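Okay, structure first, notes after.
Each chain gets a letter, A, B and so on, in the order its sequence line appears, and its residues count up from 1. Bear in mind that the values here come from a model prediction, so they are computed numbers and not experimental data.
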Protein chains: 2
Amino acid sequence: MKELTSQQKKVLQCIEFYIKKTGFPPTRANICNELGFKSPNAAESHLRALEKKGFIEITSGASRGINLVKKQNSENKIPVIGLIAAGYGTESIEEVERFIDCKNTFFESKFDYFLKVQGLSMKDAGILEDDLVAIKRTQDIKNGDIVVAKIDDEVTLKYFSSKDGDIKLLPANEDFDEIIIDQNRNDFSIIGKSVGLIREN
Amino acid sequence: MKELTSQQKKVLQCIEFYIKKTGFPPTRANICNELGFKSPNAAESHLRALEKKGFIEITSGASRGINLVKKQNSENKIPVIGLIAAGYGTESIEEVERFIDCKNTFFESKFDYFLKVQGLSMKDAGILEDDLVAIKRTQDIKNGDIVVAKIDDEVTLKYFSSKDGDIKLLPANEDFDEIIIDQNRNDFSIIGKSVGLIREN
DNA sequence: AAATATACTGTACAAATATATAGCATAAAA
DNA sequence: TTTTATGCTATATATTTGTACAGTATATTT
């Protein structure tokens with residue numbers, strides 16, 4: 001999808017605002033009013049540009065026949081990512097299983113995807129197999145955060161702990177051992193952290 | 001809000017469908033087309049009835065000037081209900097803390113509200129304090145379901161177990177005891193069951 | 001019995017609206 | 001250099017659309 005000019009963005013926002021306010025899309029005249037244009041053709045040509053770039057659809061002949069095209073992944077469809085057991089590096093070990101109809105503002109922090117949990121290493125944190133943990137991609141991590149970390153070619157969900165520069169990943173289950181990161185030997189990186197969880201019974 | 005006649009419901013659904021399909025509300029003529037009316041006034045008078053009953057708002061003079069009035073609690077705003085420690089009978093022990101912007105079709109089963117969890121009696125089921133459990137009001141309960149039950153004047157969230165007519169409520173935490181229901185002595189009822197869970201970190 | 005709500009057909013028309021055409025000006029791409 | 005895209009003003013018009021008025025008929029309420 002092509003980029004919009006600043007003026008075209010204004011027009012698109014104007015349409016979005018008008019729909020929010022009234023419940024139905026604006027006419028050319030309405031847009032002119034909102035943005036101070038003096039000719040309906042100013043609005044018309046902006047609409048044609050927005051249509052050409054794929055941001056709206058126009059139903060020919062219909063009054064207010066403007067339909068906002070939802071951008072795929074932006075705000076309403078959150079991907080659920082499952083981890084494949086073996087690892088081939090980076091984030092290619094992930095695969096999108098499906099999408100959940102939910103805004104990325106659903107929890108307090110915006111987030112990027114749901115991670116489908118494997119295993120019970122975090123069970124005492126109330127995180128069970130097949131739970132969906134909302135992950136925000138960030139490097140802004142504090143002790144005690146539940147993080148998605150990559151160690152060599154494995155991805156794991158654990159409590160984060162850092163003390164005097166020594167990083168540990170702690171499970172929430174007696175049956176699992178803590179993971180001590182040797183930053184010389186291990187290829188270690190933080191992918192993001194948990195900001196929420198959903199479970200479907 | 002008054003009740004709609006079956007014909008008025010059809011018109012309302014027609015409007016909802018049209019908006020879903022096209023992205024903008026229908027004209028009188030569009031409604032006539034969809035529903036087989038032969039006079040625009042058929043649509044017009046239905047619209048006026050819907051407006052009078054508060055289901056839509058009509059912007060006078062504007063083409064397609066129909067705005068669906070969101071019904072408070074129907075599909076987009078789910079109440080979060082907290083339990084008050086003491087009990088004063090029935091469901092008046094509950095209070096709506098806030099609403100969450102989420103469809104009641106978010107989980108596999110439709111549900112009625114979120115219950116804010118108190119205590120850790122279900123921690124081994126991955127249900128922690130302050131978690132929000134999606135509750136569907138139903139009497140259709142199977143063994144092993146997580147139910148919201150009322151015993152005398154207390155409301156509790158537990159596993160349900162029924163064997164030879166003996167009903168037990170089982171915690172998921174060693175530190176708690178199971179509750180055996182004496183249907184003669186206890187005022188017992190099932191309010192509903194859990195169909196999902198969300199947690200905000 | 002009379003009034004009101006529901007549920008339409010049919011006709012009419014002013015106002016709202018999409019849209020084409022003619023211009024003017026600037027900036028970027030071919 | 002010539003086209004193409006951007007960003008408007010201004011005018012015109014066929015079509016769409018809301019809406020009023022006149023009827024007909026049935027059911028419900030007062």
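- For B:Arg48, taking side-chain heavy atoms from C-beta onward, the closest of the listed nucleotides D:dT9, D:dT19, D:dA12 is D:dT19.
- Positionally, the nearest nucleotide of DNA chain C for B:Gly36 lies more toward the 5' end than for the other of B:Gly61 and B:Gly36.
- For DNA chain C, the span of nucleotides reached by chain A at under 4.0 Å from its heavy atoms goes, 5' to 3', from C:dT17 to C:dA22.
- Per the geometry, CD belonging to B:Glu51 stands 13 Å off C1' belonging to D:dT19, to the nearest Å.
- If you measure from atom CD of A:Glu44 to atom P of D:dT6, you get 14 Å, rounded to the nearest angstrom.
- Between A:His46 and B:Arg64, the residue anchored nearer the 5' end of DNA chain D, judged by the nucleotide with its closest heavy atom, is A:His46.
- Here the side chains of A:Ile100 and A:Glu200 are in contact, with some heavy-atom distance below 4.5 Å.
- Using a 4.5 Å heavy-atom threshold, the side chains of B:Asp130 and B:Lys116 count as touching.
- Between B:Lys38 and A:Pro26, the one whose closest nucleotide on DNA chain C sits nearer the 5' end is B:Lys38.
- Using a distance-only test at 3.5 Å, with no hydrogens or angles considered, no donor-acceptor pair links the side chain of B:Asn67 to the main chain of B:Glu57.
- Between B:Gln8 atom CD and D:dT28 atom C1' there is a gap of 14 Å when expressed in whole angstrom units.
- Ring orientation note: the planes of B:Phe106 and A:Phe106 are close to parallel, at an angle under 30° on the 30°/60° scale.
- A donor-acceptor contact under 3.5 Å links the side chain of A:Asn41 to the base of D:dT9.
- Residue contacts shown for A:Ala62 are limited to sugar-phosphate atoms, with no base heavy atom under 4.0 Å away.
- Between A:Lys10 and D:dG7 there is no side-chain polar atom (N or O) within less than 4.0 angstrom of OP1 or OP2.
- Across the helix from C:dA1-D:dT30 to C:dA30-D:dT1, the helix axis at one end is tilted relative to the axis at the other end by 30° (nearest 10 degrees, each axis from five pairs).
- Put simply, CG on A:Leu12 is 17 Å from C1' on D:dG7, counting in whole angstrom units.
- Atom NE2 of A:His46 and atom CD1 of A:Ile31 lie 10.0 Å apart (nearest 0.5 Å).
- The two residues A:Gln8 and A:Ala49 have their closest heavy-atom pair at NE2-CB, 3.4 Å.
- Atom CG in B:Leu47 sits about 11 Å away from atom C1' in D:dT19, given to the nearest Å.
- Dashed line: the shortest gap from a side-chain N or O of B:Ser63 to OP1 or OP2 of D:dT16 is not under 4.0 Å.
- The existence of a salt bridge linking B:Arg185 and B:Asp152 is excluded, since no basic side-chain nitrogen approaches an acidic carboxylate oxygen closer than 4.0 Å.
- Classification of A:Lys20 and A:Glu16 as a salt-bridged pair fails, no side-chain N sitting under 4.0 Å from a carboxylate O.
- OP1 or OP2 of D:dT19 lies within a sub-4.0 Å distance of a side-chain N or O belonging to B:Ser60.
- B:Gln7 comes within 4.0 angstrom of sugar-phosphate atoms only, judged by non-hydrogen atoms across all strands, and of no base.
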(request) Starting from the C-alpha separation in whole Å, work towards a yes-or-no answer on side chain to side chain donor-acceptor pair (under 3.5 Å) for B:Thr138 and B:Lys136. (result) CA-CA 6 Å; B:Thr138 176; B:Lys136 178 192 181 76; over 6 Å; no
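- The environment of B:Gln139 atom CD is dense: over 12 non-hydrogen atoms of other residues, nucleotides or ligands sit within 6.0 angstrom.
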